[in-house]
Structure formats: C-alpha cells, structure tokens
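All figures in this text were calculated on a predicted structure; none of them were measured in a lab. Note on naming: letters A, B, ... go to the chains in the order of the sequence lines (proteins, then strands), and numbering restarts at 1 for each one.
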2 protein chains.
Amino acid sequence: QTMPLGLYDVVQLAILGAGFALFAYFVYSWNSKDEVSPRYRPSVLAGLCLAGVAMVAYLILYIDWDTGFRLEGEVYVPNEEARTTLGTRYIDWSITVPLLTVELLAVCSVAGAAARKLRFTTMAAAFLMIVTGYMGSQVLSEGRDATALVVWGLISTAFFVYLYVALIGAVRASLPTMGAEAAASLRNATVLLLSSFGVYPLVYAIPVFVDVTPAWFTAMQVGYSVADVIAKVGFGVLTHKVAKLRTAEDV
Amino acid sequence: QTMPLGLYDVVQLAILGAGFALFAYFVYSWNSKDEVSPRYRPSVLAGLCLAGVAMVAYLILYIDWDTGFRLEGEVYVPNEEARTTLGTRYIDWSITVPLLTVELLAVCSVAGAAARKLRFTTMAAAFLMIVTGYMGSQVLSEGRDATALVVWGLISTAFFVYLYVALIGAVRASLPTMGAEAAASLRNATVLLLSSFGVYPLVYAIPVFVDVTPAWFTAMQVGYSVADVIAKVGFGVLTHKVAKLRTAEDV
Ligand SMILES: CC1=C(/C=C/C(C)=C/C=C/C(C)=C/C=O)C(C)(C)CCC1
Ligand SMILES: CC1=C(/C=C/C(C)=C/C=C/C(C)=C/C=O)C(C)(C)CCC1
C-alpha cells in the first residue's frame, strides 16, 4: 500500500533506530563477556548471538524498506520488495526467541538433566510459536485472511502459554537460591521479557479487527520495533547484571 | 518455474532462517573456542570455518532467491538468477562436508599416522561424494535427466558408504577411551550427523521419481535447509560439548 511521506519516515525511524540499538548491544556484549564467570557465560553468548542475528535482520528490513518504495509525487508507492516487512521479522524471531529462552534459563539455578529438558522444550515451543504465527501472518493470503490469522494465531498461542508457564516456573524456583540484589534484577528481567511478549500477539491481531490503513501499518512496525528493542536490549542488559552479580556471589 | 506467493515465503523462511542459525553458531564458536584445550581445538576451528562458509553460502542463496523472481500479478516468475538454488548448496558442501569429518575426528581418539590417513581419506571421500552429486543434480541437464541423476547418484553413494563406515569405525574405537558423559555426547553427535546425512540422497532422488512441482521444489529447499542446520549447528554444539568434557578429563 502507498505510504504518505510522514508515516514512511516514522517507520524509517523505527526500523533504523532499532537496528542501531541492536548493533550497539552487539558490540557491548562482545566486549563484556569476560565480566561473567564460565558458569553464566552461556547466557551472555546467547545474548551476543541473538543480537547479531537481529542486527542483520534489521539491516535487511532497512534495505527492503528503502528499496521497496518509489516516491511518486507526494506518496511512496510500494513494489515487491515491500512484501517482506513483516515476514523477515518472523524469520528473525524463529532463531532469536529460542535464544532468548537460553539467555534467561542460563542465569537460573536449574541444573543437570532437568535443565537440559527444560531448555529443549522451551526452545522448541518458542520456535513452533513463531513458525505457526508466520503461517497466519505471511504464508496464507499474505496475512489478510482473518480466518487463517485466527486459526494459526490460536495454535501459536498454545505454545505461547506453555512457554510462559515454563519460564515463570524456572525463575520462581531459582529466586530463593541467589542473593537479594541478583534476585531483584532477575525478577525485573523476567517481568520485562514477558510483558514485551504480550505486545506481539496484539500487533498480530490488528488486521483481524481493523482495515490496515497506512497509519495502522505504521503502528504495527513501530510496535514490533519497540518490543524487539525492549525484549533484546533491555532484557539483555538486565540479564547481564544478574550474571555479574551471581558471578560475584560464587567467588 | 513459477512459485505461488505462499510457497515462495516458505522457502524464504527456510533459507533466511537457516542463514540466521548458521550466523548465530558462527558467532558462538568464535567466542567459545577458548573453552577447549589445544588438543581438541582443531574440532572447534573446523566448526568455526565451516559455519563461516555456510553462512556466506546462505547469504548468496538468499540474494539469488530475492533477485531471482519477479512478482507478476499473483505469482513469482523466475529469471536466470533462480538457476543456482541447488548448485550453490553443493559448492558449499564440497568444502563444509570435508570440514565436518575433521570436526568429528578431532574429538575421537585416533592418533598419529593412522589419524592423518583417516582424515585424508574421509576428507577426499566427502569431497568426491559432493562433486559427483553436483554432476547429476546441476551440470547434466540441470538435474532433470533421470539417467544422469541415477548414474552419478550411485557413484556418489559409493563414496557415501565408505565415509559412513570409516566414521563409525573411528567413533566406535574411541568411545571406550573417554568418560561416560563424553562418550554419550559423542554417540549422540555421531547419530545426529549420520542421520542428517541420510536426508540428502533422499532429497536428491526426488526428481527421479516425481515431477518437480512448486510444492516439491519447496519441500527440497526446506529439506536441505533443515538438514544443514542439524548437521552443522546441532552436531557442532554436541561436538563442542564432547571437546569441553574431554578437556576437563585431561586436566
Ligand atoms: C502468541 C502469538 C505470537 C507470539 C509472538 C511472540 C511472543 C513473539 C516474541 C518475539 C520476541 C520476544 C522477539 C524478540 O525480539 C505470534 C507469533 C505473533 C502469533 C500470534 C500468537
Ligand atoms: C549419497 C549421495 C549424496 C550425499 C550427500 C550428502 C551426504 C551430503 C551431506 C551434506 C551435509 C552434511 C551438509 C552439511 O551441512 C548426494 C551428493 C546428494 C548425491 C546423491 C548420493
């Protein structure tokens, strides 16, 4: 759909700004991984890897946004490159959301076989949650079929609920095993991550309820970009703090 | 051949998703190679190098996929860039499969002249297996000639069988030389790698038996992408674990 100039520029801010934030966080994690002992290193490495992937995904989003529209008079007219502004995000999440669960679980206190099982099931649930969402939002009728959106959205929500419950359970069980300061940061990190998770289904559901005007489309892009920065950068900085505090406790 | 929108997007998910996973694994190996002692370092280095190659191969696949089709009405129509969606994969494998055998053998306990000979013959067999497969699937009639597919497929299978037997033999001989935990992980890694190897000849044989419709073409691309992630990332993470456990045993 065509985009008025102002709204086009708002989306530009959302995409490029989020890409810059992720790049900054990538450089930060790369250079601060030694602040954390080997025991919690997997958490920092997961954060580093997912920041790298997300940064490249935003670079692709930016290029497609830039080349996907031609200015004709006073409006931007889309071409085929503009088709992927949502799909590329899902492909990014299919890798980064499983890594986010690793990042969180690696600063919890679950260990041994139970930890391996929990890590595997939460990664699988996160992956399936995103891939089923991709079916509704991209593959079937380009996300404009309300029935497909609802059906695949509900399947995706089943994985979402499992993930929520499993992660909260692991954090709950871990809080008493660490010092007060680390526990407070872990609680904050978890609240931040799980509230940002709530944004995605809301944005996904927009085309079910309203006709996607340029203004709504802009709202969707801004919503996803802001949520991505909170879930990756904000959550990552807090998790890094937990890992650092727990490293100090272990000495 | 033309691709309907939905199937095009599924292939997009397979290619870009696999590329992201390989990039994440590349960043991970780069940042965790010091967790392993110099004795097993060659394994991690082989994994790092092959992840780098595969990541670039998927970047090329993604660019060709993106520029190889033009949207005309409701279908994607291919142009000449779309010819390489299989060939680029073989070129990637011709380098990465020999490196996969190095990665596996370097955490086994074969040493000295026997190790050098085994490494050389398995690398050569892996290389020849892929190059002969490339003949059938790309060079002759663009992989649409059933006779060429079968003849070159059988030559390739001869190398495949040698490789299988040699790798299983080396692993079998090594398992008793290490602790129980490392042995269990090495066994898992080998099973994972060799089962993923089974996917490739099956996908290769698809054009022998069926007419390659867009749906079959999509299945081939998804099959190769999933198998690549399992054989490189899944196997690599398990091998890294073996190397870490054996490092701890040696101290
Ligand atoms: C429940 C649900 C969804 C949930 C998506 C989530 C929870 C995505 C989280 C992404 C994150 C955290 C990205 C990090 O940067 C979908 C797939 C939209 C489809 C509709 C139902
Ligand atoms: C036996 C056989 C084949 C085997 C291919 C294999 C085993 C490829 C493995 C690739 C891997 C492991 C890539 C890693 O990412 C070919 C060439 C399809 C041709 C047909 C016969």
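Closest approach of B/G17 and A/I91 over heavy atoms only: N-CG2, 3.3 Å. Closest heavy-atom contact between A/C49 and B/A24: SG-O, 3.2 Å. The minimum heavy-atom distance linking A/E80 with B/Y76 is given by the pair OE2-CE2, 4.4 Å.
Atoms CZ and CH2, from B/F20 and A/W93 in turn, are 12.5 Å apart once rounded to the nearest 0.5 Å. One finds the CD atom of B/E35 at 6.5 Å from the CG atom of A/L45 (value rounded to the nearest 0.5 Å).
Other residues, nucleotides and ligands contribute more than 12 heavy atoms inside 6.0 Å of the CZ atom of B/R41. Residue B/E181 places its CD atom among 12 or fewer non-hydrogen atoms of other residues, nucleotides or ligands, all under 6.0 Å distant. Remark: A/Y162 OH is packed, more than 12 non-hydrogen atoms of other residues, nucleotides or ligands lying under 6.0 Å away. For A/K33, the NZ atom counts as densely surrounded, since its 6.0 Å shell holds more than 12 non-hydrogen atoms of other residues, nucleotides or ligands.
Ranked by heavy-atom pairs shorter than 4.5 Å toward chain A, the options B/Y28, B/Y8, B/F26 are led by B/Y28.
Neither the backbone nor the side chain of B/Y25 has a heavy atom closer than 4.5 Å to any heavy atom of chain A. Within the 4.5 angstrom heavy-atom criterion, no atom of A/A51 approaches chain B. Contacts of A/D64 with chain B are made by side-chain atoms alone, with heavy-atom separations under 4.5 Å and no backbone atom involved. For A/T84, the part lying near chain B is the side chain, with the backbone staying farther off; criterion is any non-hydrogen pair under 4.5 Å. Using a 4.5 Å cut-off between heavy atoms, A/L50 does not touch chain B at all.
Contact check for A/W30 versus B/V27: side-chain heavy atoms found under the 4.5 Å cut-off.
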>> Please evaluate residues A/I60 and B/L16 with respect to the criterion side chain to side chain contact (heavy atoms under 4.5 Å, CB included), reporting the C-alpha separation (whole Å), side-chain torsions for both, the decisive distance (0.1 Å), and the verdict.
In response: CA-CA 11 Å; A/I60 295 174; B/L16 193 53; 3.9 Å; yes
> Yes or no on side chain to side chain contact (heavy atoms under 4.5 Å, CB included) for A/R83 and B/L5, after CA distance, side-chain angles and deciding distance?
Replying inline: CA-CA 10 Å; A/R83 270 196 73 233; B/L5 293 189; 4.0 Å; yes
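Partners of A/V139 according to the side-chain contact (heavy atoms from CB on, under 4.5 Å) rule, which considers only residues two or more places apart in sequence or in another chain, are A/Y134, A/M135, B/D9, B/V10.
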